[in-house]
Amino acid sequence: PFCDRTKNPNVRMSLPAVCFVWQTAMIILFGVFIRYNEESDTHWVEYRKEKNISDIENDFYFRYPSFQDVHVMIFVGFGFLMTFLKRYSFGAVGFNFLIAAFGLQWALLMQGWFHSLDYTDGKIKIGVESLINADFCVAGCLIAYGAVLGKVSPVQLMVLTLFGITLFAVEEYIILDLIHARDAGGSMVIHTFGGYYGLSISWMLYRPCLDQSSRLQGSVYHSDLFAMIGTLFLWMFWPSFNSAITDHGDGQHRAAINTYLALAATVLTTVAISSLFQKHGKLDMVHIQNSTLAGGVAVGTAAEFMLMPYGSLIVGFCCGIVSTLGYIYLTPFMEKYMKIQDTCGIHNLHAMPGVIGGIVGAITAAAASESVYGTEGLINTFDFEGAYKNMVPTKQGGHQAAGLCVAICFGVGGGILVGFILRLPIWGDVADDNCFDDEPYWEVRDELLTKICKCLFCLLMFHGWRPAILTPKHTMLPPPLLVRNV
Amino acid sequence: PFCDRTKNPNVRMSLPAVCFVWQTAMIILFGVFIRYNEESDTHWVEYRKEKNISDIENDFYFRYPSFQDVHVMIFVGFGFLMTFLKRYSFGAVGFNFLIAAFGLQWALLMQGWFHSLDYTDGKIKIGVESLINADFCVAGCLIAYGAVLGKVSPVQLMVLTLFGITLFAVEEYIILDLIHARDAGGSMVIHTFGGYYGLSISWMLYRPCLDQSSRLQGSVYHSDLFAMIGTLFLWMFWPSFNSAITDHGDGQHRAAINTYLALAATVLTTVAISSLFQKHGKLDMVHIQNSTLAGGVAVGTAAEFMLMPYGSLIVGFCCGIVSTLGYIYLTPFMEKYMKIQDTCGIHNLHAMPGVIGGIVGAITAAAASESVYGTEGLINTFDFEGAYKNMVPTKQGGHQAAGLCVAICFGVGGGILVGFILRLPIWGDVADDNCFDDEPYWEVRDELLTKICKCLFCLLMFHGWRPAILTPKHTMLPPPLLVRNV
Amino acid sequence: PFCDRTKNPNVRMSLPAVCFVWQTAMIILFGVFIRYNEESDTHWVEYRKEKNISDIENDFYFRYPSFQDVHVMIFVGFGFLMTFLKRYSFGAVGFNFLIAAFGLQWALLMQGWFHSLDYTDGKIKIGVESLINADFCVAGCLIAYGAVLGKVSPVQLMVLTLFGITLFAVEEYIILDLIHARDAGGSMVIHTFGGYYGLSISWMLYRPCLDQSSRLQGSVYHSDLFAMIGTLFLWMFWPSFNSAITDHGDGQHRAAINTYLALAATVLTTVAISSLFQKHGKLDMVHIQNSTLAGGVAVGTAAEFMLMPYGSLIVGFCCGIVSTLGYIYLTPFMEKYMKIQDTCGIHNLHAMPGVIGGIVGAITAAAASESVYGTEGLINTFDFEGAYKNMVPTKQGGHQAAGLCVAICFGVGGGILVGFILRLPIWGDVADDNCFDDEPYWEVRDELLTKICKCLFCLLMFHGWRPAILTPKHTMLPPPLLVRNV
């Protein structure tokens, strides 16, 4: 293959330009469009007296703890999960930080125009639920980042985010409002869309000579531990993610329980498969870091339904298996035969479990009945009100399935479109042999000791020594380890 | 002593088998027994209208923030606290993850049968409080893991957890329901039981030749920092732990304040003792990581009582001293003379402070009076209702003491029993010289640099150089550091 | 300059003495003065029946989630933010832990005497809001610690904290109670005061020969990642910080939204400036770790006002620029020409943004109107009640400005005073060439590998080899890297 080595990753003009211009645009658009809603405005005191409710019934107290958990997932969860690469941890956590901070502003606008525009004054009214939704919207783009981790410039990531948020808002509007599908934890809207969006972009940006930087495409001991910080905060707070915007009362309560259980089951099957498919029964950190989360993705849509505790366990059980097998078989297959280089394996963590989640949601919705939900409960849970007063569960199941298809289409289509744009030679991305390296975009301060070791090694190399130990796999260290081939 | 070197740590069949079979059993048992309670069921909407309460009075909003904090303590707190070993961080955080995820499912069943079985339909009804209790139950087993850290296989840990949860549920039922002792933060039920359970197992699994892996039984700079993540999340969220299942209103409020204060005092006395007992007044990270938490353990039982702010400080003050002295004198003594190898020093962090907590609880309960608590307050706090309508504080003090004894007995007895089972030669544990090493159970990717250094070192060793510097303690590096003994 | 090398950093007597005596004093003072308030006392059950309110309206449920977030910021946020130094991470996170644990106790007393003394019985009544305020108070001292990080002994830090808390409580009383300024997130009270307090102390403790330890005054790859844990937890939970003690209902809601937005904008401008001012457009971790937080500081005072979403973005936009430029130009300038050695750059992260926050607060307050706030809203937000019934917004603006001046004066004046005390030669601080090193105060366990490398290096040095590579800046490693100058 033809391997390009002449790229210039200097983003000194483009990155500041994008940041300044877009942030300025945000300020102007916020000035024109965005205001506080009635629960975060100073008029609340009059509003609540009129409605005769207590301060504690402000939506803030229903949702703020969940919001903070979701916020942690977005910045620490996604950020640290991607630090597993030995020399791309700054990029992982730093660019995640950058695009999430931009994305949430743009999401407040995009989602606001579609969902919370007040037609009396033409303003978007925001409150804590808007912040949660903005974080959700950002999650879609962070998932996509996982597929192209280490292979794109920060400017490309900003573009990926700009379009990703836009597509997300449209897709979400179609699925939730037009199709009237329910998707509490975003299995379809967030994970399926984000997953296929990222994979399509990665396919468009295929790098034939990526093996030139294969020395950096792996983890070291401590980078795996940093990644576990991300994994655990995602895992622990996923119940908050799936319950953050569900109905007050039993809705949030049930969504948290279902997610908690699904995730627990996933851990056990992930460990089982990881151990079973290794020659010596050893566990692979890649699986533990990623596949243990698949249950949370897959239970997203159905989390607020009467999935039943054992239903949640079954979903988690299956996803741990599917996701881990995906890492073992599917990811290498996709790279070799489909030209999709998926750095973090988002296909196994988000795309597949997201689709499973959509299907589980459709089935659970179709199977809903008044005997299980109660008359009021059924209406409440599926929002069979207003224009949908005559909706029935079986039909709702069909709508759920339609929603899933829309998510996939938007993901794939949007990804190809954005991939085209990102292939333009103006974004400052690196050459193939500089991938997975923080050096091009970050000031990296190497430890003196590291330098010394490199020195010593080079010196010995120069004098004709070759490390015998580096070739074969080993655990013990019998001398002689260096052979002098004079 | 006779040192066995022939163990086979291959868990390729046993670990997947245990995970699959037990997880399948969980699904079946959940299917038969577990349902949502009235606050997480879709019928809530009818229930709350009937009771004329607001959505915000769903127990979810009283307890969910505390639940999430407890969840963080279980997975990040316990998990990272144990990463201090230089080459057992994967095992620490990974196996902690595995057994906690299994344990909480089993705990929901076991505690459900004892505490929340609905006799009208034979189902266990779960809600957010059940999730908190399941996490608490798991904590007992994670404490026990601390004692045997690095010396057991994941299969052994699963067995330890299965029996640990079972014993916990029975012991808890006896202490809280039959004896009617109060134990908000679980000083007795969780920490005393978990501590002695782990120590007894460690005693049963005594390894006479453990010094063969002494090169790995210590920390390095960055592993100590990872451990501090665990320490701090435990320390910060302990007020949530002790207040998570106390009474709504003042109960939760007071428990949080008491715990906050006790922990603050512990930090100062831990630092004082750590510095005082070192030749140069230097602080030891082991003490800072562990003993600073002892105050939270010891204030657990009495946290919901009118312990008074200064009372909390006194408890914290004493525990910092006792726990740190335990690390300095007691742990080496126990290893040398009592054949108890306590990797994390759980005797100093959980067992001793737990017993202190039980005693403090008994005294505080016995000293309670209507003049301090108020008539209703006294009934409320100690639950002097129903069958215990005629209970008086002094008698309650006796019941508290009885509860403590039960916890110790169950811990020691259960540990010895489970220790016998774990000594069977079928669990895939490692030989003595492979302890405290991730290599047997994890795919470990060594950094190239590390390999190079090992090479260079071996090469020089092979040529007769011996590192003079490795023998004496040093801080400066005067040459020559290597001496050639030809 | 005259460089002292004869200091004795042995704190074996002084540190334990200070910890024991002060903690004992705390117990006595708490015994005399501190009791539970009506919401954390067992009499709550009667109180709430009398007031006819539900348990959920206990202040605990309004503030506890925010409290826990603030608690995380204090211990993990500040603690890990300062771990960026390659060999001072134990001191960063450990001493932060120590002084925060002491400081919060002393703060409960000091703030209690000024703010919540119950004159009927002479007791201070504490509840969850007191805990938050104590954490806030501690934050001021932790900010100051940032300026002197690595250059002072733990005993000096305890003294710095004792006086810092005392000054804080007085200053806060003057600003909030006497001047009647509003300062929800403490831009003035916490950040301006803490910043100038620390800078003044650093100026008093100027070390002319600090370049002797310049080899340690920098970060390594993994220490920068640990610092990002601190950064992100501060960044994510800052909305909780600024909304923790604002009014129930819309006050907390609005403060969280404003802070969320300001912080998002700051990230983009920080990245822009960091990239723009580097030769190759590379980002500097120092800026990402610190300047991204400046927006949260600067929006502190005005967070509860009707700053409007775009107003928050503007504040964040400006602070990202100002703070990053401060790191590039101002910090080196201050060290060279003003004898202020500011290890963490608190001038750029706290002092300057704090002053900006005070000014923004004054302007926003002066511009407040009934048309925007509503009649009741205006009274509510600015607390124009009681003695301030006739206050008007323009006048309030003046009071805000006065408050800012008081904060600066207390910071500078207090810092100089305390600096004098800390210059006494009795506190066990280290010599200039031992700064930024954990060795003097901590048992540091070096990894065997590290020792080996040092050995090898010394050996080669001894034999006349000099590392050619260490002098010039490099990224690639061409041999020969060592030159033998025989």
Side-chain angles (χ1 to χ4, degrees), chain A residues 10-12 15-16 19-20 23 26-27 30-31 34 36 39-46 54-56 58 60 64-65 68 71-72 75-76 79 83 89-90 93-94 97-98 101-102 104-105 126-128 131 222 226 439 441-445 447 449 451-456 458-459 461-462, chain C residues 56-57 61-62 65 69 86 218-222 225 228 232 235-237 240 248-250 252-254 256-257 260 264-265 267-269 271-272 275-276 278 280-285 288 306 309-310 313-314 317 373-374 376-377 380-381 450 453 456-457 467 469-470 475 477 479-482:
Chain A
N10 190 331
V11 291
R12 192 180 172 186
L15 183 58
C19 288
F20 273 130
Q23 186 59 54
M26 286 303 121
I27 291 175
F30 269 61
I34 295 200
Y36 305 115
E39 303 195 272
S40 56
D41 188 283
T42 41
H43 292 86
W44 158 260
V45 58
E46 292 152 24
S54 158
D55 267 329
I56 195 81
N58 191 306
F60 183 78
Y64 190 70
Q68 276 294 8
H71 217 41
V72 171
F75 290 89
V76 162
T83 57
S89 303
F90 289 3
V93 77
F97 194 14
L98 171 66
F102 165 68
L104 58 87
Q105 299 176 54
I126 62 170
V128 66
L131 307 192
H222 280 164
F226 279 112
E439 196 67 48
Y441 303 117
W442 296 87
E443 282 290 310
V444 179
R445 293 169 192 86
E447 199 166 7
L449 199 63
K451 288 183 192 160
I452 292 167
C453 290
K454 283 181 184 168
C455 287
L456 288 170
C458 292
L459 178 76
M461 287 288 170
F462 183 70
Chain C
I56 195 81
E57 292 181 85
Y61 301 103
F62 284 95
D69 294 349
K86 66 181 82 166
S219 63
V220 289
Y221 199 72
H222 280 164
L225 267 181
M228 277 306 286
L232 287 176
W235 194 92
M236 297 179 305
F237 287 162
S240 297
H248 290 176
D250 65 298
Q252 290 195 274
H253 204 149
R254 192 166 52 254
I257 293 173
Y260 173 90
V267 175
L268 272 88
T269 50
V271 166
S275 175
L276 195 63
Q278 264 282 336
H280 298 285
K282 294 184 182 186
L283 297 171
D284 192 327
M285 260 292 169
I288 307 300
M306 292 291 277
Y310 66 89
L313 290 184
I314 293 171
F317 188 93
Y373 285 73
E376 273 193 87
N380 238 21
T381 307
T450 310
C453 289
L456 287 170
F457 187 61
I469 196 177
L470 294 178
T475 53
L477 289 170
L481 299 167
L482 288 170

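Only a predicted model underlies this, so the values are computations on that prediction, with no experimental measurement involved. Proteins come first, then strands; the chains are lettered A, B, ... in the order of their sequence lines, and each starts at number 1.
In this structure, chain C has heavy atoms under 4.5 Å from both the backbone and the side chain of Glu39(A). The contact between Phe90(A) and chain C is made by backbone and side chain atoms together, counting heavy-atom distances below 4.5 Å. With a threshold of 4.5 angstrom between heavy atoms, Asp55(A) approaches chain C through its backbone and through its side chain. Interface remark: Glu376(C) contributes backbone and side-chain atoms alike to the contact with chain A (heavy atom separation under 4.5 Å). Contacts between Phe62(C) and chain A at a heavy-atom distance below 4.5 Å involve backbone atoms as well as side-chain atoms.
Each of Trp44(A), Phe30(A), Phe226(A) has some count of heavy-atom pairs under 4.5 Å with chain C, and the biggest count is that of Phe226(A). With chain A as the partner, the residue from Phe237(C), Tyr61(C), Tyr260(C) showing the most heavy-atom pairs under 4.5 Å is Tyr260(C). The candidate from Gly79(A), Ser40(A), Pro65(A) with the greatest count of non-hydrogen atom pairs under 4.5 Å with chain C is Ser40(A). In terms of heavy-atom pairs under 4.5 Å with chain C, the best-connected choice from Leu15(A), Val93(A), Val72(A) is Val72(A). Ranked by heavy-atom pairs under 4.5 Å with chain A, the list Leu225(C), Ile257(C), Ile56(C) is led by Leu225(C). The candidate with the highest count of non-hydrogen atom pairs below 4.5 Å against chain C, out of Tyr64(A), Tyr441(A), Phe97(A), is Phe97(A).
Rounded to the nearest 0.5 angstrom, Gln23(A) CD and Leu313(C) CG are separated by 6.0 Å. Note that CE of Met228(C) is 14.0 Å distant from NE2 of His222(C), once rounded to the nearest 0.5 Å. Rounded to the nearest 0.5 Å, atoms CG (Leu276(C)) and CZ (Phe20(A)) are 6.5 Å apart. In this structure, Trp235(C) CH2 and Phe75(A) CZ are separated by 3.5 Å, a value rounded to the nearest 0.5 Å.
Judged purely by distance below 3.5 Å, without hydrogens or angles, the side chains of Ser54(A) and Glu57(C) pair a donor atom with an acceptor atom.
A distance-only check finds no donor-acceptor pair linking the side chain of Arg254(C) to the backbone of Tyr36(A) [under 3.5 Å]. With hydrogens and angles disregarded, a donor-acceptor distance shorter than 3.5 Å links the side chain of Gln68(A) to the backbone of Met236(C). Panel note: side chain Lys282(C), backbone Ser275(C); no donor-acceptor pair is recorded below 3.5 Å.
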